[in-house]
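Contents: one structure, followed by commentary.
When a ligand or atom number is given, it counts from 1 through the structure's own listing order. In what follows, every heavy atom counts, from backbone to side chain, and hydrogens, waters and symmetry copies are set aside. We count residues from 1, following the sequence as given.
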Amino acid sequence: MAMAMPIPSRKLFIDGEWREPVLKKRIPIVNPSTEEIIGDIPSATAEDVELAVNAARKAFSRNKGKDWPKAPGAVRAKYLRAIAAKITERKSDLAKLEAIDCGKPLDEAAWDMDDVAGCFEFYADLAEGLDAKQKAPVSLPLESFNSYILKEPIGVVGLITPWNYPLLMATWKVAPSLAAGCTAILKPSELASVTCLELADICREVGLPPGVLNILTGLGPEAGAPLASHPGVDKIAFTGSFVTGSKVMTAAAQLVKPVSLELGGKSPIIVFEDVDLDKAAEWTLFGCFWTNGQICSATSRLLVHESIAKEFIEKLVKWSKNIKISDPLEEGCRLGAIVSQGQYEKVLKFISTAKSEGATILHGGSRPEHLKKGFFIEPTIITDVTTSMEIWREEVFGPVLCVKTFSSEDEAIELANDSHYGLGAAVISNDMERCDRISQAFEAGIVWINCSQPCFTQAPWGGVKRSGFGRELGEWGLDNYLSVKQVTVYNSSEPWGWYRSPSQ
Ligand code: NAD
C-alpha cells in the first residue's frame, strides 16, 4: 500500500505571492476514505477576489501587454512547458495528494497527472502556433477592400471548477487561457483544492509573471459568486452542476459577460445483441464506475437489447463483484471513496428513493461490509426502472448504473435522447453502419462507439441541452479564450465617391 502523506499548508496565490485570506478564514480538509480531518485550505471571500482581479488586470496590461498577452506565443509556451515538466517531476506526490483529497483510486489519479502535463504541453504547442495564424485573410467580394482577422486574448478570465478531477478540470481551463494570452483567476472546488494549490507552488517555482494566474480556494457563494459577477472579469469559464451553472450564467448576464458552461449529464449507453458480451460488459462498467462514478459524462443509463439482457446483466453483476473497493492508495484499488459526506448521503438517498419507487437494487446499494469508515458505496446496478423515476432522469454522480431493455433501434434512440442533458452517449455494436446512424441520431456533444469515456486532449469536449455550451480541449479550447477582431482595409487609390467633393 502507498503511504499517506502530509498535506502542505498553503495560502491563497495572488499576484505571484502566497497571501493569507483577508478574513483569515480556513476550511477543513476531510479525507473521504478515513473521515479524518487532515489539514485545511484558505477560504477566500469577495475581498480576496478584489485583490486577485486587480492583480490579473495589472498583469494583463503591464508594459502595454507586452509581458503577457502581447508577448510572442513562444514566450507563453515556455512557461506552460516548464509547468508541464514540474507536474511530471512531482507526478507521484501530486497523484497521492489527489487520491487522498478526493477519494479516487491512485492509479486513476496518476493517469490524471499524465493528462495534466500533456494538456499543458498541448497548449504550449498551440500558443507557439498562434502568432503565425494572425492576420488570416478573409475573402471579400470587392477588390478595393481586403480584410484580415486578429485573434486576441479575451482579457481577465474567471475559471470555476469542480472536485471530480480537481487538477485536470482546472488545467483544461488554465492551460488554454494562458496560452491564449489571458490572465486568470482560478477558483477550484472547496471539496478538493489541494492539488490546485500545488499548481500555484509550481507557478511560483517556474517564475510565472505575477498576476498571470491567481488561485483562490474557497466556498462557491463566498468566492465563486463574487468572481462570476466582478466587472473586472471579462469571461467566466465554468465546470460544475446545472444548478450552479445557471446561477453563474445569471450573474454574468448582468454585464453581458461571455460564459462557457460544462455541466452535468445523464448519458446513455446502448448495447446491441451482436456484441462480444465480455468486451461490452467491461466498457459498460468502466463507463459508469470509473472515478467512483463521479464523472460528468458517466454512461449511467444502460439500454440493452432484450434478447441478451438476462445474460448481460448477470455478467455485469459478476464483474462488479470483482471490483476492488478500498482505500484509494491501496494497490489495485478500482473504486475509492465518494468525495464528501454530503455527496455520499445524496447518492444513498437516490438509491433508497429508487427502491421505494419500485426499482430493484440488483447489486450493491450500500457501504461495502469490509469498510467500516469512509464514504464508500458499492458499485450499484438497478433494474425495473421506469423513465419517470428520478434515478433514471437525474445525475446521481456516484457508482450507480440503471438498466432498461429495448427491442428496436428506434426505441433505443428514443429512450437515449429522452433527457434534459446531452453530454456523452455510447453505442456498442459490431454493425458499424448502425453505429454511424446512431452517432448522428444521439443528442449529445460526445459520442463513443464500442467504448465509453476515453477522452483526448486533442478532441473537443462539451455538451448540448442542459449539459452546457462551449467546447473545451483541442483548438476549440483555445478559441474559448480568444476574441476575433476583423480588420478591413480600403486599398484603392480612387476616392470612395459617395459624397460630392466640396470643391466641385
Ligand atoms: P458545483 O456546481 O456544486 O460546484 C462547481 C464549482 O462552482 C465549485 O468550485 C463551487 O465552489 C462553485 N460554486 C458554487 N456555487 C457558486 C456560485 N453561486 N457562484 C459561483 N461559483 C459557485 O459542482 P460540483 O459538485 O463541484 O461538481 C459536480 C458537477 O460538475 C456535476 O454536475 C458534474 O456533472 C459537473 N462536471 C461537468 C464536467 C463537464 O465537462 N461537463 C466535468 C466535471 C464535472
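- Of the polar atoms of Thr239, none of the N or O atoms is found under 3.5 Å from an N or O of ligand 1, judged by distance alone.
- Of the possible polar contacts, one joining the Asn31 side chain to the Ser33 backbone as a donor-acceptor pair under 3.5 Å is found.
- Near Gly264, meaning under 4.0 Å from one of its heavy atoms, ligand 1 places the atoms 32 (O), 34 (O).
- A cation-pi arrangement is present between Lys235 and Tyr481 under the rule of less than 6.0 angstrom and at most 45 degrees off the ring axis.
- Less than 4.0 angstrom separates some heavy atom of Thr244 from each of these atoms of ligand 1: 1 (P), 2 (O), 3 (O), 7 (O), 13 (N), 14 (C), 15 (N), 16 (C), 17 (C), 22 (C).
- By the 4.0 Å heavy-atom criterion, Phe242 is excluded from the residues contacting ligand 1.
- Contacts of Leu423 with ligand 1, taken as heavy-atom pairs under 4.0 Å, involve the side chain alone.
- By the 3.5 Å distance cut-off applied to N or O atoms, Asn164 is not counted among the residues near ligand 1.
- Closest to atom 35 (C) of ligand 1 among all protein heavy atoms lies Gly240 O, 3.2 Å.
- From the protein, the heavy atom lying nearest to atom 21 (N) of ligand 1 is Gly224 CA, 3.6 Å.
- Looking only at protein heavy atoms, the nearest one to atom 23 (O) of ligand 1 is Ser241 N, 3.4 Å.
- Residue contacts with ligand 1: Trp172 is placed with no nitrogen or oxygen under 3.5 Å of a nitrogen or oxygen of the ligand (distance criterion only).
- Looking at Val248 against ligand 1, only its side chain comes within 4.0 Å, counting heavy atoms.
- Relative to the six-membered ring of Trp461, Arg471 misses at least one condition, a distance below 6.0 Å or an angle of at most 45° to the axis.
- Remark: minimum distance from atom 12 (C) of ligand 1 to any protein heavy atom is reached at Ile160 CG2, 3.7 Å.
- Contacts with ligand 1 closer than 4.0 Å are made by no heavy atom of Ser467, backbone or side chain.
- Note that Arg367 lies outside the cation-pi zone of Phe376, set by a 6.0 Å cut-off to the ring centre and a 45° limit from the axis.
- Ring centroids of Trp172 and Tyr123 are separated by 6.0 Å or more, keeping the two rings apart.
- In terms of protein heavy-atom proximity, atom 41 (N) of ligand 1 is nearest to Leu263 O, 2.8 Å.
- Remark: minimum distance from atom 27 (O) of ligand 1 to any protein heavy atom is reached at Pro162 CB, 3.2 Å.
- Nearest residue to atom 14 (C) of ligand 1 from Pro166, Ser340, Gly220 is Gly220 (criterion: closest heavy atom).
- Remark: distances from the non-hydrogen atoms of Phe238 to ligand 1 include one below 4.0 Å.
- Across Lys91, Arg204, Arg10, a single residue satisfies salt bridge (charged side-chain N to carboxylate O under 4.0 Å, His left out) together with Glu198, and that is Arg10.
- At a heavy-atom cutoff of 4.0 Å, ligand 1 is contacted by the side chain of Met169 but not by its backbone.
- Applying the 4.0 Å criterion to heavy atoms of Phe397 picks out, from ligand 1, the atoms 28 (C), 31 (C), 33 (C), 34 (O).
- Counting only distance, with no hydrogens or angles, the side chain of Glu262 and the backbone of Gly468 share no donor-acceptor pair below 3.5 Å.
- For the pair Lys104 and Tyr165, the cation sits on the ring face: its NZ or CZ lies under 6.0 Å from the ring centre, inside 45° of the axis.
- Annotation for ligand 1: atoms under 4.0 Å from non-hydrogen atoms of Glu190 are 10 (C), 11 (O).
- The Cys296 neighbourhood of ligand 1 comprises atoms 33 (C), 34 (O), 36 (N), 37 (C), 38 (C), 39 (C), 40 (O), 41 (N), 42 (C), 43 (C), 44 (C), with distances under 4.0 Å to a heavy atom of that residue.
- Taking atom 8 (C) of ligand 1 as the reference point, the nearest protein heavy-atom neighbour is Thr161 O, 3.4 Å.
- Distance alone, capped at 3.5 Å, places no donor-acceptor pair between the Lys173 side chain and the Gly158 backbone.
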* Apply ring pair (Phe, Tyr, Trp, His ring centres under 6.0 Å) to the pair Trp448 and Phe442, showing each step before the final yes or no. => CA-CA 10 Å; Trp448 288 285; Phe442 273 143; over 10 Å; no

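- The minimum heavy-atom distance between Ser467 and Gly264, with the atom names listed, is OG-O, 2.7 Å.
- A donor-acceptor distance shorter than 3.5 angstrom exists from the side chain of Thr183 to the backbone of Ala56, with no hydrogens or angles considered.
- Distances from ligand 1 to the non-hydrogen atoms of Ala228 include no value under 4.0 Å.
- Residue Trp461 has at least one heavy-atom neighbour below 4.0 Å for each of these atoms of ligand 1: 39 (C), 40 (O).
- Looking at Glu395 next to ligand 1, an N or O pair under 3.5 Å apart turns up.
- For ligand 1, the atoms lying closer than 4.0 Å to a non-hydrogen atom of Ala225 are 19 (N), 20 (C).
- Atom numbering of ligand 1 starts at 1 in the shown order; those under 4.0 Å from a heavy atom of Pro188 are 9 (O).
- Residues Trp283 and Trp290 keep their aromatic ring centres 6.0 Å or farther apart.
- At the shortest separation from atom 24 (P) of ligand 1 among protein heavy atoms lies Trp163 NE1, 3.3 Å.
- Annotation: Trp68 is not in aromatic contact with Phe60 [ring centroid separation under 6.0 Å not met].
- A salt bridge is defined here as a Lys NZ or Arg NE, NH1 or NH2 lying under 4.0 Å from an Asp or Glu carboxylate O, and Asp40 with Lys25 fails to meet this definition.
- The shortest non-hydrogen separation linking Leu178 to Cys182 is CD2-O, 3.7 Å.
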